[in-house]
Amino acid sequence: MSCLKMQALCRGRVVRVPTGTLVRVVGTELVIPCNVSDYDGPSEQNFDWSFSSLGSSFVELASTWEVGFPAQLYQERLQRGEILLRRTANDAVELHIKNVQPSDQGHYKCSTPSTDATVQGNYEDTVQVKVLADSLHVGPSARPPPSLSLREGEPFELRCTAASASPLHTHLALLWELHRGPARRNVLALTHEGRFHPGLGYEQRYHSGDVRLDTVGSDAYRLSVSRALSADQGSYRCIVSEWIAEQGNWQEIQEKAVEVATVVIQPTVLRAAVPKNVSVAEGKELDLTCNITTDRADDVWPEVTWSFSRTPDSTLPGSRVLARLDRDSLVHSSPHIALSHVDARSYHLLVRDVSKENSGYYFCHVSLWAPGHNRSWHKVAEAMSSPAGVGVTWLEPDYQVYLNASKVPGFADDPTELACRVVDTKSGEANVRFTVSWYYRMNRRSDDVVTSELLAVMDGDWTLKYGDRSKQRAQDGDFIFSKEHTDTFNFRIQRTTEEDRGNYYCVVSAWTKQRNNSWVKSKDVFSKPINIFWALEDSVLVVKARQPKPFFAAGNTFEMTCKVSSKNIKSPRYSVLITAEKPVGDLSSPNETKYIISLDQDSVVKLENWTDASRVDGVVLEKVQEDEFRYRMYQTQVSDAGLYRCMVTAWSPVRGSLWREAATSLSNPIEIDFQTSGPIFNASVHSDTPSVIRGDLIKLFCIITVEGAALDPDDMAFDVSWFAVHSFGLDKAPVLLSSLDRKGIVTTSRRDWKSDLSLERVSVLEFLLQVHGSEDQDFGNYYCSVTPWVKSPTGSWQKETEIHSKPVFITVKMDVLNAFKYPLLIGVGLSTVIGLLSCLIGAPPPTPATSALLEEVPTSSTGVNERGTQPRLTGGIALLNKKELYKSLSFVFSLIIKIAPERA
């Protein structure tokens with residue numbers, strides 16, 4: 001028995017309610033928890049509640065198990081739900097009294113009916129409740145609650161009053177709460193312990209002093225916001241709660257809330273306008289004006305940012321800042337760009353010496369900032385202008401692009417070479433360079449739209465980037481992109497595959513040099529596509545299997561040769577896989593195809609699913625010629641019967657040392673069929689002890705019967721395995737118990753219980769499994785599995801098909817007599833010891849007279865006097881040697897102690 005259980009046994013049932021006095025305010029809810037521990041009986045306990053105003057005479061209030069328990073006084077409040085019991089656990093309950101009244105002040109007793117074997121501990125506990133009058137007064141500074149209309153950046157203050165006249169020592173806590181529709185946010189709180197806690201999102205504003213909470217006088221609380229934000233709009237409530245110290249902790253006894261004011265933040269009007277479309281000649285200046293419109297006075301400072309993007313959407317990636325005027329009127333720009341302002345509402349962007357790269361969309365972004373507390377800044381409003389489209393007019397290069405094929409493949413693995421030439425270029429275009437992009441488009445016989453795939457693209461700095469389709473093959477050297485002349489770009493496929501058939505075209509891009517020596521793409525010219533195609537002829541692969549030598553009986557060598565012929569396959573190599581298909585009559589795995597041995601195109605031999613450990617070297621697959629293969633199987637067994645085929649795969653070389661699968665074919669079957677009239681084996685299980693008592697011996701016989709041709713016992717051998725399914729049905733996986741192979745080697749599996757197993761061969765066709773010292777876990781279905789081995793006329797052993805017996809169910813029962821025998825023996829032994837101890841302690845000491853009498857009577861060496869009797873004391877009690885009695889009792893007591901734990 002654990003220490004915890006010993007304490008529970010000594011202490012008994014414990015019923016607990018809160019210690020001390022509970023204080024509540026009229027109109028609030030009273031909750032008194034009660035729990036019981038260290039009890040006997042069912043886990044779910046019942047509770048009775050009683051009430052007494054003075055603590056002497058209690059009236060029944062509520063019960064979890066007796067409907068008629070409450071007094072008539074409380075029946076109506078129970079029916080209205082003002083008084084209810086809520087079970088929080090099997091051993092805990094809460095008493096809820098809603099809308100507490102002064103009449104509810106008094107003593108509440110929680111008691112539990114006894115379910116214990118013995119009455120021990122306490123079965124009830126009492127707690128006192130005091131009900132105070134509502135002395136908390138909360139109100140706004142003005143009624144009705146005002147509505148404040150502000151602009152962003154302006155300050156505002158809100159006040160509410162709170163005071164309590166409680167006769168006890170209580171603390172007040174206050175929370176300012178903002179409502180915006182269904183959402184509520186805590187702004188700032190003053191706890192009952194005098195600590196300030198800003199709400200989520202107000203931490204920074206609280207620490208900077210922008211949001212404060214102060215006390216005004218003895219009962220007023222002021223929320224101050226130095227600069228209003230748009231998020232400050234909504235209805236503000238003042239929530240006040242009253243707290244009292246109970247049992248070393250603070251307990252909230254009531255809470256009140258009042259609507260103080262509604263704050264409306266008027267948005268700041270801000271607009272930014274720029275010209276819609278502007279055209280400028282290359283090399284000239286670009287002048288753009290951003291006009292600002294706002295309703296704010298001089299209490300805000302603008303920040304203006306000009307940005308540029310290739311697209312009319314400024315939110316997309318790629319937009320960059322050109323110039324910025326910050327709120328301190330400092331300009332940040334580059335040497336070729338200037339930003340200035342004529343007045344407070346007009347800002348100019350000047351871009352000098354424009355080029356083609358300046359074509360795009362320009363945006364003016366304006367932000368209004370207001371100074372905040374402690375030199376901080378607050379963004380009042382911001383606006384983004386519509387894009388100003390700027391076009392730079394210039395003369396683009398003029399040229400033509402032609403694509404021709406210098407090498408066209410006739411079939412797969414032939415090379416392909418394409419040349420893309422730039423012609424008709426105008427003189428005087430020294431500041432123009434050309435790059436190329438190569439594309440592929442698959443052939444389609446229908447009208448489906450096919451997207452082009454990028455093979456490679458060259459940037460203005462001559463950097464070549466590969467597409468997803470060509471990246472790996474270009475790294476392997478199969479795709480080669482080159483520029484042999486100033487006006488010619490080449491693309492070569494070293495070994496063209498069937499997947500490479502399709503349309504190819506090139507795109508030549510002209511790049512113009514800018515004033516900063518950078519290059520900008522100015523024009524793209526597409527060539528006409530060239531179709532790379534050759535007619536495909538289906539690959540043909542034929543495999544013919546034959547049996548060179550006749551095959552008669554088991555034990556002989558089986559030989560099969562496979563001749564391969566192919567068409568429309570370039571430089572083929574062959575890989576061979578030998579398969580065997582079980583006869584349909586094999587119920588264990590009907591029509592199962594088994595992979596035996598393989599030889600790949602590099603002449604590497606691999607054993608596949610050949611699992612016969614006794615014939616590891618029994619199968620051989622070799623290459624006789626380039627197109628002929630030979631398979632041999634030595635010392636064939638009856639279990640080898642089936643249909644054998646050669647599965648041949650033709651491989652074509654690609655990319656040097658790599659191979660591509662061209663075709664796969666299966667040969668005609670060669671059958672191994674043993675026409676024998678051999679014996680038929682059957683197995684069955686018998687037990688004389690299908691139902692045993694725990695500890696008894698279980699005997700199970702696996703009996704083999706032979707039908708058909710008679711066999712000499714020396715020509716038969718068996719592999720026997722015993723299995724058990726430890727369940728009433730056969731719904732679990734069988735467990736291997738023990739096995740005995742044909743060589744007489746026994747293997748027994750390890751188990752987690754104490755019973756032992758033995759397996760022996762008791763006759764030629766009988767095998768005995770014995771379970772010694774059976775346990776409860778040994779019950780279940782037992783069956784044996786037998787694999788016969790038969791010696792063939794050639795002297796080799798042939799493995800027959802594995803057979804299984806039907807299961808027999810074994811039941812293990814408990815011995816009721818033995819279960820009670822040893823406890824009774826221990827009891828009798830203890831009673832004997834106690835009786836002998838009583839005699840020893842209660843025997844009177846010998847008197848002087850009796851001692852003298854004993855000395856006068858002569859006795860022999862055997863302890864018998866001359867009269868032939870032993871000396872006796874008065875009263876018929878023998879004079880025993882106490883030392884020897886102590887030894888006997890100690891021996892008996894130690895024997896009982898030794899037997900008890902072993903038999904318990």
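All residue numbers in this chain count up from 1 along the given sequence. Worth knowing before you read on, the calculation uses all heavy atoms, side chains too, and leaves out hydrogens, waters and symmetry mates.
Proximity of I596 to M633: side-chain heavy atoms (C-beta onward) are nowhere separated by under 4.5 Å. Between S37 and R16, the closest side-chain pair of non-hydrogen atoms falls below 4.5 Å. Contact annotation: the side chain of D688 never approaches that of K699 to less than 4.5 Å [non-hydrogen atoms, C-beta and beyond]. The shortest distance between side-chain heavy atoms of I578 and F629 does not fall below 4.5 Å. The shortest side-chain heavy-atom distance between F718 and L765 falls under the 4.5 Å cut-off. Side-chain atoms of V725 and P734, non-hydrogen and from C-beta on, do get closer than 4.5 Å to each other. Considering only heavy atoms from C-beta on, R645 comes within 4.5 Å of E581 through its side chain. A heavy-atom distance below 4.5 Å is found between the side chains of L737 and Y782.
Comment: D91 does not engage R13 in a salt bridge, judged by the lack of any side-chain N to carboxylate O separation of less than 4.0 angstrom. Using a 4.0 Å cut-off between a side-chain N of Lys or Arg and a carboxylate O of Asp or Glu, R630 and E622 qualify as a salt bridge. A salt bridge is absent between R573 and D600: the closest approach of a Lys/Arg side-chain nitrogen to an acidic carboxylate oxygen does not fall below 4.0 angstrom.
In terms of heavy atoms, N122 sits closest to V15 at ND2-O, 3.1 Å.
If you take CG on L599 and OG on S575, they are separated by 8.5 Å, rounding to the nearest 0.5 Å.
Ring geometry, F558 versus Y644: the interplanar angle falls from 30° to 60°, so the pair is classed tilted. Aromatic ring pairs are classed by plane angle as parallel below 30°, tilted from 30° to 60° and perpendicular above 60°; the pair F779 and F809 is perpendicular.
Tested against D778, the residues R751, R694, H726 include a single side-chain hydrogen bond (donor to acceptor under 3.5 Å, both in side chains) partner, R751.
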